[in-house]
Protein chains: 2
Amino acid sequence: MSSPNREAPSEADYLRLDQQICFSLNAASRAFGSVYRVLLKDLGLTYPQYLVMLALWEHGELPVKTLGEHLRLDSGTLSPLLKRLEAAGLVRRERNAQDERSVHIHLTDEGTALRERALAVPRRIAAATGFDLDEISNLRARLNRLTAALDTAALEENPSCADAVSEK
Amino acid sequence: MSSPNREAPSEADYLRLDQQICFSLNAASRAFGSVYRVLLKDLGLTYPQYLVMLALWEHGELPVKTLGEHLRLDSGTLSPLLKRLEAAGLVRRERNAQDERSVHIHLTDEGTALRERALAVPRRIAAATGFDLDEISNLRARLNRLTAALDTAALEENPSCADAVSEK
DNA sequence: CGCCATTAGATTGTGTGCAATTTAATTGTG
DNA sequence: CACAATTAAATTGCACACAATCTAATGGCG
């Protein structure tokens, strides 16, 4: 059906599911999710919540805005997620006195303490991948380059972001 | 704070957000989502719906079960998604006469026709990544290997799947 | 000072993902 | 044949993602 006269693969060949890099990416991301789900159940965290805790353990208290920049998430995702972390007693949300628009996220003692129990997670995840540290590092670099390229392309593609492109 | 005596990095270093391969993966996956969202809006498809259509264009009619195996999705995700594709007039759902438990998904004429308009998508996506075909192929292979390793680890990790492991 | 554009979060609505449960059909076994 | 175990989908409940909208606070600028 495709490539009737054996030239370079036709456009049709690129519609094959197993050719889609995004599918491999998506599948790998969800496979990670399954492994994390098991490991994080003990800590009472979901995977996105774990990422938020990583950012807080690393930077201490953070405004929602900055947290979102670190995690590439907007307030539509973070607001309810942080509310659940607050309900779990891991963080506190405090209006900034200087700028009342801003909400700063603080770790509670319980949230700080949880870090000790999270220390074993990365090693167990690394073991689950079967990759050594160099391979992981290499793959991470490629993925980061890919993400940067896609971000640029998304801006160029979307006329509504023209300001953002030209302004920077 | 970490690695006080300059040995190999301590466990604490591996809690850094920028060390998490899964975060890079997740970010790349979502960055792809943004680019696809723009390209697929014309076709009236979301990205997961596009993957379903790819599988159907490739294999013709498929039972939900098989579709789920191709896409690594269960009925909890596929049932409502397929209902939306049916509402959009792209697929039909038909009970199998031989096995009434099984539902087969067929392309409508409209669904088949949509393929023509999707042909340009992969090239535009490839362009957005800035990667050449070899790089994409290489990355895909690594990701597939990673996913396979994680799947294995997830089975070993989860006692409730012990049967599935030992049976095969 | 007064007013408008901007900014930070929260909210709303839609669409996945996935665990757990439910329902209906089929299969295996005595 | 009867009946328990299995299987395929659908359903339910929860938690992201993300676009779009809303609200409140801030920052210019005349």
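Numbers restart at 1 for each chain; the letters A, B, ... are given by sequence-line order, proteins then strands.
Put simply, CZ on A:Arg30 and CG on A:Asn26 are 4.5 Å apart, with the number rounded to the nearest 0.5 Å.
Checking D:dT26, D:dA9, C:dA25 against every side-chain atom of B:Val64, the shortest atom distance belongs to D:dA9. With D:dA8, C:dA10, D:dC18 as the candidates, the nucleotide lying closest to the side chain of A:Leu73 is D:dC18. Of the candidates C:dG9, D:dA25, D:dA19, D:dA25 carries the atom nearest the A:Arg101 side chain, counting heavy atoms from C-beta on. When each of D:dC16, D:dA25, D:dA19 is scored by its nearest atom to the side-chain atoms of A:Gln49, the top-ranked nucleotide is D:dC16. Listed nucleotides: D:dA19, C:dC18, D:dA9. Nearest to the side chain of B:Thr77: C:dC18. For A:Asn26, the listed nucleotide lying nearest its side chain is C:dG17; candidates were C:dG17, D:dA9, C:dT26. Listed nucleotides D:dA25, D:dA10, D:dC18 differ in distance to A:Asp99; the shortest reach to its side chain belongs to D:dA25.
Side-chain N/O atoms of A:Arg95 include none lying less than 4.0 angstrom from OP1 or OP2 on C:dG9. When the side-chain nitrogen and oxygen atoms of A:Gln98 are compared with OP1 and OP2 of D:dT26, none of them lie within a distance under 4.0 Å. Applying the 4.0 Å criterion to OP1 and OP2 of D:dA9, one finds that B:Ser102 has a side-chain N or O inside that range. Between A:Lys83 and C:dG9 there is no side-chain polar atom (N or O) within less than 4.0 angstrom of OP1 or OP2. Between B:Arg84 and C:dT14, a side-chain N or O to OP1/OP2 separation shorter than 4.0 Å is absent.
The nearest whole Å value for the distance from the CZ atom in B:Phe23 to the P atom in D:dA17 is 11 Å. The distance from atom OH of B:Tyr36 to atom C1' of D:dA17 is 18 Å, rounded to the nearest whole Å. Counting to the nearest Å, the P atom of C:dT14 and the NZ atom of B:Lys41 are 17 Å from each other. Across the protein-nucleic acid pair, B:Leu82 atom CG and D:dA8 atom P stand 16 Å apart, rounded to whole Å. Atom C1' of nucleotide D:dC16 and atom CZ of A:Arg37 are separated by 11 Å, given to the nearest angstrom. Rounded to whole Å, the distance from CG on B:Leu85 to C1' on D:dA9 is 16 Å. In this entry the distance linking CZ of B:Arg72 with P of C:dG17 reads 13 Å, nearest Å. Rounding to whole angstrom units, CG of residue A:Leu62 and P of C:dG9 are separated by 11 Å.
For A:Ser75 and C:dA10, a side-chain-to-base donor-acceptor distance below 3.5 Å is present, hydrogens and geometry of angles not being considered. Below the 3.5 angstrom threshold, one finds no donor paired with an acceptor across the side chain of A:Thr46 and the base of D:dA15.
Across all strands, A:Ser79 comes closer than 4.0 Å to base atoms (heavy-atom distances). Across all strands shown, B:Leu78 has no heavy atoms under 4.0 Å from either base or sugar-phosphate atoms.
In terms of position on DNA chain C, the residue among A:Ser34 and A:Val103 whose nearest nucleotide sits closer to the 5' end is A:Val103. For the pair A:Leu81 and A:Asn96, both in contact range of DNA chain D, the more 5′-proximal nearest nucleotide belongs to A:Leu81. Both A:Arg93 and A:Arg30 sit near DNA chain C, but only A:Arg93 has its closest nucleotide nearer the 5' end.
Open room surrounds CG on A:Asp109; 12 or fewer heavy atoms of other groups in view lie less than 6.0 Å from it.
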From CA spacing to verdict: side-chain contact (heavy atoms from CB on, under 4.5 Å), B:Arg101, B:Lys65: CA-CA 10 Å; B:Arg101 291 171 303 180; B:Lys65 168 84 168 158; over 6 Å; no
Pair B:His104, B:Glu94 - check side chain to side chain donor-acceptor pair (under 3.5 Å), show working. CA-CA 5 Å; B:His104 284 234; B:Glu94 287 178 11; over 6 Å; no
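Classified by interplanar angle (parallel below 30°, tilted 30° to 60°, perpendicular above 60°), the ring pair B:Tyr36/B:Tyr50 is tilted.
Cation-pi check for B:Arg140 over A:Phe23 is not met; the charged atom does not lie both under 6.0 angstrom from the ring centroid and within 45 degrees of its normal.
With salt bridges taken as basic N to acidic carboxylate O contacts below 4.0 Å, none links B:Arg92 and B:Glu110.
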